[in-house]
Number of protein chains: 2
Amino acid sequence: MVKRTRFEGDSCPIARSLDALGDWWSLLIIREALFGLRRFGEFQSKLGMAKNILSVRLRALVDHGILAPAPASDGSAYQEYVLTPKGRGAFPILVALRQWSEEFDDHPEEIATILVDRAKGRPVKKLEMRAEDGRLLSPAETTLKPRPARRRRSA
Amino acid sequence: MVKRTRFEGDSCPIARSLDALGDWWSLLIIREALFGLRRFGEFQSKLGMAKNILSVRLRALVDHGILAPAPASDGSAYQEYVLTPKGRGAFPILVALRQWSEEFDDHPEEIATILVDRAKGRPVKKLEMRAEDGRLLSPAETTLKPRPARRRRSA
DNA sequence: TTGTGTGGTTGCATCATAAAACCAAATGCC
DNA sequence: GGCATTTGGTTTTATGATGCAACCACACAA
């Protein structure tokens, strides 16, 4: 089998996420959806991608429960695609990608937009990792533990 | 040209990040590197990927300034690959992907590990987005602004 | 009813990926 | 030193994924 590698059965949650949205377009589609786009043509013209690829991606995102087909919205009979909670939950991933680019990109002057607090118009703080008690954690201060076995409910 | 789409010149920082690490393997290589792997063979056997692909990916990551070739470490004459600050800066992206899977995966029981605070052994808190003044922000409470023009330094 | 835009699908050419074979240099063993 | 083995790749070949353009059905507008 020479098929593209799938991570669906992998036990690593990062690999599992990548399996759902690790290709070149899915996260950009989600970005646009978060921005309010819903229609096939909107995605296609905004992202400038081939229609067949968009078609395949939308179907995959629907299959993964990230987008849901919505029957209408403005009364027309056309199909729309709206984010599910799972899809909206990808927002931190997009923010992390954005901040990484803002911090490390070789040509930051080419970046057109910054993410700001709507109320104040000031840039959002960097995402930070904290312990349960609120302590700021560096990568070195974290470690991986085997997932505790799910407690069986009594019969 | 039918070449794979590149986002290098795109003005969106998310697209720019994806251009560097948006393929199926790069983030997993970075994950392993954060875990301490350095050698070609270590990555290859741990990730189970084809050697030619690993070769191409490592070169790309080096070109992007995410990994740096290190002349040695244990005295041997073999090459090693170590994360640069830019590479270590991708950690929040991995955490975001992990947490998304932990929260939304359809089969969370298949996830083998959890990320914990090393000191307490307790799970890390969800990444949260905050304003400059520390207010917790939802996606809807943020917006995009054009990047302010870089102030020219006086001559 | 004819025309136009929307939302796709199909065909084809090209690119990327994967598996396996191959290979040179470094290393380990004696 | 000499030989086998490991390491770190490259090459070859097969196939899946992508991109573009053409095509098409249906909704909608006149």
Side-chain angles (χ1 to χ4, degrees), chain A residues 1-10 15 18-29 32-33 36-64 67-82, chain B residues 1-10 15 18-29 32-33 36-64 67-82:
Chain A
M1 213 83 81
V2 201
K3 298 188 50 138
R4 205 211 71 202
T5 308
R6 306 303 316 228
F7 300 118
E8 207 176 332
D10 199 297
L18 289 175
D19 193 64
L21 33 77
D23 67 281
W24 300 99
W25 291 113
S26 293
L27 281 167
L28 295 177
I29 292 171
E32 298 303 332
L37 299 200
R38 298 163 148 259
R39 298 269 287 249
F40 186 96
E42 290 178 322
F43 290 111
Q44 202 265 322
S45 64
K46 191 77 192 311
L47 292 171
M49 64 190 295
K51 297 201 292 179
N52 53 347
I53 304 300
L54 175 58
S55 185
V56 171
R57 287 287 169 273
L58 287 175
R59 231 191 316 273
L61 288 170
V62 168
D63 288 347
H64 277 290
L67 291 176
S73 107
D74 62 339
S76 99
Y78 290 122
Q79 171 95 328
E80 300 193 345
Y81 302 89
V82 297
Chain B
M1 212 81 81
V2 201
K3 297 190 51 139
R4 204 210 72 200
T5 307
R6 305 305 314 230
F7 300 118
E8 208 175 333
D10 200 296
L18 289 175
D19 193 64
L21 33 79
D23 67 282
W24 299 99
W25 291 112
S26 293
L27 281 167
L28 295 177
I29 292 171
E32 296 303 333
L37 300 199
R38 300 163 147 257
R39 298 268 287 249
F40 187 95
E42 289 179 322
F43 290 111
Q44 202 266 323
S45 63
K46 192 76 193 311
L47 291 172
M49 63 189 295
K51 297 201 294 179
N52 52 348
I53 303 299
L54 176 58
S55 185
V56 170
R57 287 287 168 274
L58 287 175
R59 231 191 317 272
L61 289 169
V62 168
D63 286 348
H64 277 291
L67 291 176
S73 107
D74 61 339
S76 99
Y78 290 123
Q79 172 95 326
E80 299 195 344
Y81 302 89
V82 297

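For S55(A) and dT9(C), the shortest distance from a side-chain N or O to OP1 or OP2 is below 4.0 Å. Under 4.0 angstrom from either OP1 or OP2 of dT7(D) there lies no side-chain N or O belonging to R39(B). At dG19(D), none of the side-chain N or O atoms of R6(B) fall inside 4.0 Å of OP1 or OP2 (strictly under the cut-off).
Among all heavy-atom pairs drawn from S26(A) and A20(A), the shortest one is OG-O, 4.2 Å.
Of all nucleotides listed (dT18(D), dT6(C), dG8(C)), dT18(D) comes nearest to the side chain of R57(A). Comparing dT10(D), dG8(C), dA17(D) by their nearest atom to the side chain of Y81(A) picks out dG8(C). Side-chain proximity of K51(A) to the nucleotides dG9(D), dG8(C), dG19(D) is greatest for dG8(C).
At whole-Å resolution of the value, CH2 in W25(A) and C1' in dA16(C) are 16 Å apart. Here dA17(D) presents its P atom at 14 Å from CD1 of I53(B), a figure rounded to the nearest Å. When rounded to the nearest whole Å, the span between CG of N52(B) and C1' of dG8(D) equals 13 Å. Rounded to an integer number of Å, the gap from Q44(B) CD to dT10(D) P is 13 Å. The interatomic distance linking E80(B) (CD) with dG9(D) (C1') rounds to 16 Å, in whole Å. Atom CG in D23(A) sits about 14 Å away from atom C1' in dG19(D), given to the nearest Å. One atom, CG of L54(A), and another, P of dG8(C), lie 8 Å apart when rounded to the nearest Å. For Q79(B) and dA25(C), the CD to P distance is 16 Å, given to the nearest whole Å.
Between atom CG of residue D19(A) and atom NE2 of residue H64(A) there is a gap of 5.5 Å, rounded to the nearest 0.5 Å. Within the model, atoms CG of L47(A) and CZ of R57(A) stand 12.0 Å from one another, a figure rounded to the nearest 0.5 Å.
In this structure, A60(A) has no side-chain contact (heavy atoms from CB on, under 4.5 Å) partners at least two apart in sequence or on a different chain. Legend: residues meeting salt bridge (charged side-chain N to carboxylate O under 4.0 Å, His left out) with R38(B), ordered by chain and number and at least two apart, are E80(B). Scanning for salt bridge (charged side-chain N to carboxylate O under 4.0 Å, His left out) contacts around E32(A) gives K46(A), with sequence neighbours left out. Listed by chain and residue number, nothing satisfies the salt bridge (charged side-chain N to carboxylate O under 4.0 Å, His left out) test with K51(B) (two or more places apart in sequence, or in another chain).
Inter-axis angle, ends of the helix from dT1(C)-dA30(D) to dC30(C)-dG1(D), five pairs per end, rounded to 10 degrees: 30°.
Using bins of under 30°, 30° to 60° and over 60° for the plane-to-plane angle, the ring pair F7(B)/W24(A) lands in the tilted bin.
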Could you encode protein contacts along nucleotides 25-30 of chain D as a string, one character per nucleotide from 5' to 3', using B for base contact, S for sugar-phosphate-only contact and - for no contact, with a heavy-atom cut-off of under 4.0 Å? --SS--

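In this structure, Q44(A) contributes its side chain and A50(A) its backbone to no donor-acceptor pair below 3.5 Å.
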